Amino acid sequence: MGMIRYVAEIDLQEYKDVENIAFYQVAANLGSGLCMESERSLRIHICTDHNDVNFLLEFLHHLVESKDHYRNVTNLLFHGIEWQPQGTQLLCSYLGLGSNVKQVEFQKNVFITKSAFALVPLSEMLQRNNTLNAVVFNDCRIGATGATLLASALANNRSVEEFQVWEDSIGSKGAEELSKMIEVNYVLKLLIILDNSSIASAPLMSAVLARNRRVEVHIWGHSRDTRGGMNSCKIVEFLPATGNMRIYNNINSTGLQRVACALAWNTTVTTLDMTGVPLKSKWTKELRGVLDRNRSLKVVKLTRCCLRDKAVVYIAAGLFKNKYLESLILDGNRFGGVGLEHLLCPLSTFSPIQTQANSTLKVLSFGGQRTNIGRYGVAAILQLLETNQSLIELAICDDASLRSNDVVNIFTTLQRNATLRILSFRGCKGVDGEAVLQTIMNTLQVNPWIEEIDLHETPLHVAGKTGQIYEKLGQNGSLVLPNDLLDLPLSAPTCCRVVLCGQDLAGKSTLCSSMNQSINSMKAPRVDVMKTLKTPVEQMPFTEENKMNSIFDGNTKLTMCNLGGHEGSFALHDFMFVVHGGPSVFMIVSSLVGKPATKYPKSIDEIEWELIYWLRFLISSYRRRVSHSFRPCVTVVLTHYDKVSHLPEGLQPIATVVQRLREDFHSHAEIYPTVFAVDSRSLVSVSKLTHHLRMATKTIIQQNAQVYEVCNDLIKILHDWRLKNNKAVIKWAEFCEICQLNVAALRLRSRRDNVEKVNTRRRAVAKSLHTLGEIVFFEELGLLVMNCEWFCRDVLSQLATLKLIKIESSGGFVRKEELEKILQEKLRNQVTRSNWRTGASLQASDIINILLELELCYEQDPGNPHTLLLLPAILEENKGETDKWQLTMPECRFVGRRLECEDIHMLLTSDFFPRLQVRLHNKIMCLGHHEAVYNLEKNLIYTVINGVHVKVELGMKLGSSIDVLACSGKNVTEMVRLLHKFVIPTILNLSPNMTFKESILRPDCVKHLIPRRFRATQQLPLKKLKQILLSLPAESIYDYQHTWSAVESNKRVILRSGSDHARDLLSDDDFHEVLHRRYYDLQYLATELAVAPDNLQQPETIPEADMVDPSILGIAKGVEMVLQRLKIIEQGIRDLKEEIASLRYYEYHLVTELHRKMDYVMNYSIQLEDRKVPQMFYLVSLDNRSKKLVTRILPGMRSLRVHMLCEFRREMHVVEDQVGCDMIQVDNQAVQSLLPYMSKFMKLLTFALKIGAHFIVGMGEMIPDLSKEVVHLMDSSAMYGAATSAASLGALGAAAMYGRTRNRGASDMGEDMQAARQWLLDFLRGQGILTGMDIAQSFGLWRVRYRDDGHIAWVCRKHIAARGEEIFELPL
């Protein structure tokens, strides 16, 4: 199509699809016109013809008039146009309402006046236009004025997203106006400025950053090339899609600072790249503020920025507070070792109570040819690699200052770093030599976590020696075969704990030092030793106390544990025994003088008290955690012997005491017979003790179970590591690091190795070391205490000094924040006095967690950081108020129980009650009783559970009993059940290997809260009360009363004597147990007597009363509930009385049958020898100066004596002061003759005693435990069957069952009696007892005949005198 010269010739239909229209200013000779460049693009040539007709104005006028026909036009291009006001007005009219144009571009246009007056209509149009998306000015020389007008227009425009100004000079004023526009315009997406000066970049970029505009920014400028010409260069760019901002160059320092200030609160920039921009320290000072406040900046690249030490110090200061930066690139700068030292400071730690200031930075790069790291820098790098826990990638590039030994030290330190993954030494000259190569290989051997090492352009790489390094890196990333935990070999342990127990100032520390010198043959001068030991203990330096007390005897490590101190730390003694089962030797160290400064000897009673206390303490602590089959090995050591050696009586009284204690404690502890009396300062004096210690430890180690062989390796490794690092507490990660570096069997062999399995193996080894006593492993907390004594003495003992801490009014609680603050301060002081590494890794929160783990404190609201804590160790006794119950009810009932160690050789250690206070609280709260009251004092718990007020008191100081008192309006049974549900099981579970006996406290003592010291005579063992009830006839059980003695003090009556019914002392459960045991005994008696069920009459049962319906409205409902409750109680009493009535009826028939059997036995074969000797005899054992009834007989038994019973019918009894006849030894013939007699006759005696048949008076006290003896007398299966029958069928049914299954005739008993009688005749003849007079002298029995039936019996003198009308005496 040809060019159209006139507007009138335009066919609107042909141009309806035009989208792009381009206007070009051409020369006049070419003429104006328009033509189609493409299907949708129209090209228009503009010039002024010879008739002064302006074709631009005509066509713009045409566009305005035919706007509806050009709706598809979206792009307008004006090239080289000289705008007149009229043309501008027409253009604005076209771009006004109804226009669809999206982009307008002006290329080399001229807006006539200098004031750019022609841009005014255009700016006004932009304010109103809502369709334009892009406005471009290319080389239009709009200047600052034009930029100002356009900025004011764009400030109100909400459609333009792209604004470009190319090849112009808007100046600082124009840039400022555009920056103001950016501050209010949130629609703009793209801003491109190509200015002749770089001054425009800073205001624009700072506005974009300050307002967090997501505007893509490209700012260009001009710079001179090497030939002197001007070239375009980019100054700054910002890509919001990626968050990258790159500043290239040509921004002055003021502008750079302005940009940096804008970054402080920016949230859109994630990467700041200023590579190659020379920066001054003023800019890095602003960058410090950016790092302090900015939360979105992730990467900062400052490569080749000419940064010196001062600038890097500002960057380091910003890193202290920054928690978001992940990558910092600083290579190619000019800072030295001082700057590097400051830079790495926030990434390192220098104190045990310091945390790493910056833990988010993952990538760090520095170095360069002008960087001089120096020795300070190397030290900082080593500290970084040793302590940093966050850095993943470290690059030291093109450095020429590092030497080979520096690189060796760096890679050696890397052996302990488990976080670094990528390391680069690209271009570093110091990576050279075999030492460096070997160190790198050794590091990769123990550190599989390093994934990449870049050694390109280093001397080692140039020499071609890096191949094996990369090969090892590949192996560390490959799969390996798994190791089984069970393949660890076992061996005997090579360590032993030597625990020194004793009171304060007993000389234990001095003794440890002397034995150490004796074993190691270190002969220190006597004068120096005396000079040191004359210093009081209170003035001894802390560092001396803090030294590790370990002695090596060959390959055996002896750890000396000093157990003792002031009373406030006694509760912490048991922490020493959390390590259990390992080989241990115990020494009880007792001073022979009261105080080291005096010469007055202790009394024998004081020394004996000390020895008994520590023996009971050791046995109790040992038994609570070690099997009963192991006995602790104890040696008694007496110190300060040099001060009492002149005494005439010597040590013989003490030796006698020790020998007596050996006999008393022989079944609980192995006490060495020799008592060592030493002067702890003299090596000669302790030499024999040292020799004994060496021999004893070897014996103990041989007797101990085997452990993992790696444990023995770790014992030496941990000891050396501790001496080198002087750390007493480490985290689990540090222990894993030690294993990784030093123990091949516990090492991760590859990054793809099964970490969990290796950690399982390490935990197993740590637990084994814990058992051996080398460490204390808190698995849940991830802490390992490597010096238990230091932890107890210098950390936990600080709790005893917290008496002045503010106690909350509610139950003795303290605020957790306050406690942490105080503990942290004390820990800081403790660490400062010793060595900062000693307590490394230990925080106040760790101490609180350990206390929670050991049940030495508890949280009122677990999980709440502001919770209240309670530490029983800081509680004090309430001395101001008198004890009284906090319950005021008219009819309260009182119950008291005492739990006392059954074994007198054991006691409740001082930590027992504080842990009971914690565990009981946790148990009550865990069961959902959050409303329960729980108040504590020292040695006291006061709680209210379900309406029952409960007091738990420690029985006595260093004693062995705990009193549990209860007060409530409920009955005794409900209160006892509550105690057995909450309190008593908690006490028993704290010491599962200890057995307690339960006693009943007098209710009046509980009611009036009589002090503990007066309750010793006001208790009745529960078992004894049950035995008393079992020995009573049935009719006396329910009404039995126990009489209490009076309580007096200084001849003043505190509580008068009184009595209580057994039914009020026992719960229903206990009372029913007594009745069931009585039924149980009667069942066996029925079985032995073969009583048929037909001979027993079923007692009449009382029908249960109908239940009362409690659904009555109003007040009547409460009355009805009370009536119903009373009726239930009354019914229970009737049931109990009915049960007793049934028991009495059953007992009557069985006792009658028992009498018949006994009469038959006594009168059996009456014609034989006319009853020349008594029939009823029994055997008594004479061991331990007491008489015990023999209920079973075995060959070889010795120390037996034969006694005879008074045979008066139905009133048999033991004859007082009877001489009897001794048996030398029981042979097989005696066993064959007496065994049937023992199994028949003695069984009848036992049952008669158990059911209260009083015709065998005086026998009960000779039977030690009837229940155990019955087991030996009867078939066990029948016994257990009877117990089941008693529960299901009742007494009568069980008796009937046994009556059917077992019915032997009386002839069998007669045969048994004949054999026993014959043995008795032979035995008496052998003892020279041939006549009746001999029997009367030896047994106090005389031969008589009953007047009614003529039967003969042997009776005592009392019966002859009292029953003379029934019997007459026969000749002897």
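Numbers here simply count residues along the sequence, with the first being 1. What you are looking at is a predicted structure, and each value in this text was computed from that prediction instead of being measured.
For H905 (side chain) and L615 (main-chain N/O), no donor-acceptor pair under 3.5 Å exists by modelled atom type. Between the side chain of R616 and the backbone N or O of M906 there is at least one donor-acceptor pair closer than 3.5 Å. Here the side chain of K997 pairs no donor or acceptor atom with the backbone of R898 at under 3.5 angstrom. The main-chain N or O of L940 is found under 3.5 Å from a side-chain atom of Q917 such that the two form a donor-acceptor pair. Looking at R631, its side chain never comes within 3.5 Å of a backbone N or O of E670 through a donor-acceptor pair. The closest donor-acceptor contact from the side chain of W885 to the backbone of L1009 lies at 3.5 Å or more, if one exists at all. The backbone N or O of S514 sits nowhere less than 3.5 Å from a side-chain atom of S518 that would complete a donor-acceptor pair.
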(message) Under the criterion side-chain contact (heavy atoms from CB on, under 4.5 Å), I'd like the reasoning laid out for Y641 against L651: C-alpha separation, chi angles, the key distance, then a yes or no.
(response) CA-CA 10 Å; Y641 176 65; L651 300 178; 3.8 Å; yes
(request) Run the numbers on F913 and L908 for side-chain contact (heavy atoms from CB on, under 4.5 Å), then give the verdict. (result) CA-CA 8 Å; F913 201 79; L908 300 177; over 6 Å; no
(request) May I have the step-by-step check of side-chain contact (heavy atoms from CB on, under 4.5 Å) for E608 and L611, ending in yes or no? (result) CA-CA 5 Å; E608 183 176 5; L611 296 179; 5.7 Å; no
(request) Determine, step by step, whether V657 and I607 satisfy the side-chain contact (heavy atoms from CB on, under 4.5 Å) criterion, reporting the C-alpha distance in whole Å, the side-chain angles of both residues, the deciding distance to 0.1 Å, and the verdict. (result) CA-CA 9 Å; V657 169; I607 295 176; over 6 Å; no
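Salt-bridge annotation for D963 and R1015: present, with a side-chain N of the basic residue lying under 4.0 Å from a carboxylate O of the acidic one. Taking 4.0 Å as the cut-off between side-chain N and carboxylate O, K1023 and E902 do not count as a salt-bridged pair.
Between L1065 and P1003 there is a side-chain heavy-atom pair separated by less than 4.5 Å. The shortest side-chain heavy-atom distance between V644 and L638 does not fall under the 4.5 Å cut-off. Residues Q703 and I700 are in side-chain contact: their nearest non-hydrogen atoms beyond the backbone lie under 4.5 Å apart. M515 has its side chain within reach of M587: a pair of non-hydrogen atoms, C-beta onward, lies under 4.5 Å apart. No side-chain heavy atom of D903 sits under 4.5 Å from any side-chain heavy atom of C901. The shortest distance between side-chain heavy atoms of V964 and V950 falls below 4.5 Å. F996 has its side chain out of reach of I962: every pair of non-hydrogen atoms, C-beta onward, lies at least 4.5 Å apart. Proximity of W1044 to L1020: side-chain heavy atoms (C-beta onward) are separated by under 4.5 Å at one or more points.
Residue N989 holds its CG atom at 11.5 Å from CG of L920, rounded to the nearest 0.5 Å. Between M560 atom CE and S513 atom OG the span is 10.0 Å, to the nearest 0.5 Å. Taken from CG in L965 to CZ in R1012, the straight-line distance is 9.5 Å, to the nearest 0.5 Å. Residue E953 holds its CD atom at 10.5 Å from OG of S961, rounded to the nearest 0.5 Å. If you take CZ on R681 and OG1 on T639, they are separated by 11.0 Å, rounding to the nearest 0.5 Å. Rounded to the nearest 0.5 Å, atoms CG (L1022) and OG (S999) are 8.0 Å apart.
Taking each heavy atom of L871 and C857 in turn, the nearest pair found is CG-CB, 3.8 Å. Scanning both residues, C495 and P583, for their nearest heavy atoms gives O-CG, 3.0 Å. Here the closest heavy-atom approach between residue S591 and residue H640 is recorded as OG-ND1, 2.7 Å. Taking each heavy atom of E610 and S590 in turn, the nearest pair found is OE1-OG, 3.0 Å. The heavy-atom pair separating R1002 from S1057 by the smallest distance is NH2-C, 3.5 Å. The minimum heavy-atom distance linking Q503 with W614 is given by the pair NE2-NE1, 3.1 Å.
By the 6.0 Å contact criterion, NZ on K1007 is open, its count of non-hydrogen atoms from other residues, nucleotides or ligands being 12 or less.
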Per-pair distances, 0.1 Å, donor-acceptor, side chain in residues 689-699, under 3.5 Å, sequence neighbours excluded:
residue: T690; atom: OG1; partner: V686; partner atom: O; Å: 2.8
residue: H692; atom: NE2; partner: T635; partner atom: OG1; Å: 2.8
residue: R694; atom: NE; partner: D553; partner atom: OD1; Å: 3.3
residue: R694; atom: NE; partner: D553; partner atom: OD2; Å: 3.0
residue: R694; atom: NH2; partner: D553; partner atom: OD1; Å: 3.0
residue: T697; atom: OG1; partner: L693; partner atom: O; Å: 3.0
residue: T697; atom: OG1; partner: R694; partner atom: O; Å: 2.8
residue: T699; atom: OG1; partner: M695; partner atom: O; Å: 3.1

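T909 and D911 are linked by a side-chain donor-acceptor pair at a separation below 3.5 angstrom, with hydrogens and angles left out of the test.
Ring geometry for H668 versus F665: interplanar angle over 60°, hence perpendicular rather than tilted (30 to 60°). Between W609 and Y613, the angle of the ring planes stays under 30°, which puts this pair in the parallel group of the 30/60° scheme.
For E998, the side chain to side chain donor-acceptor pair (under 3.5 Å) criterion is met by R897, H980, not counting sequence neighbours.
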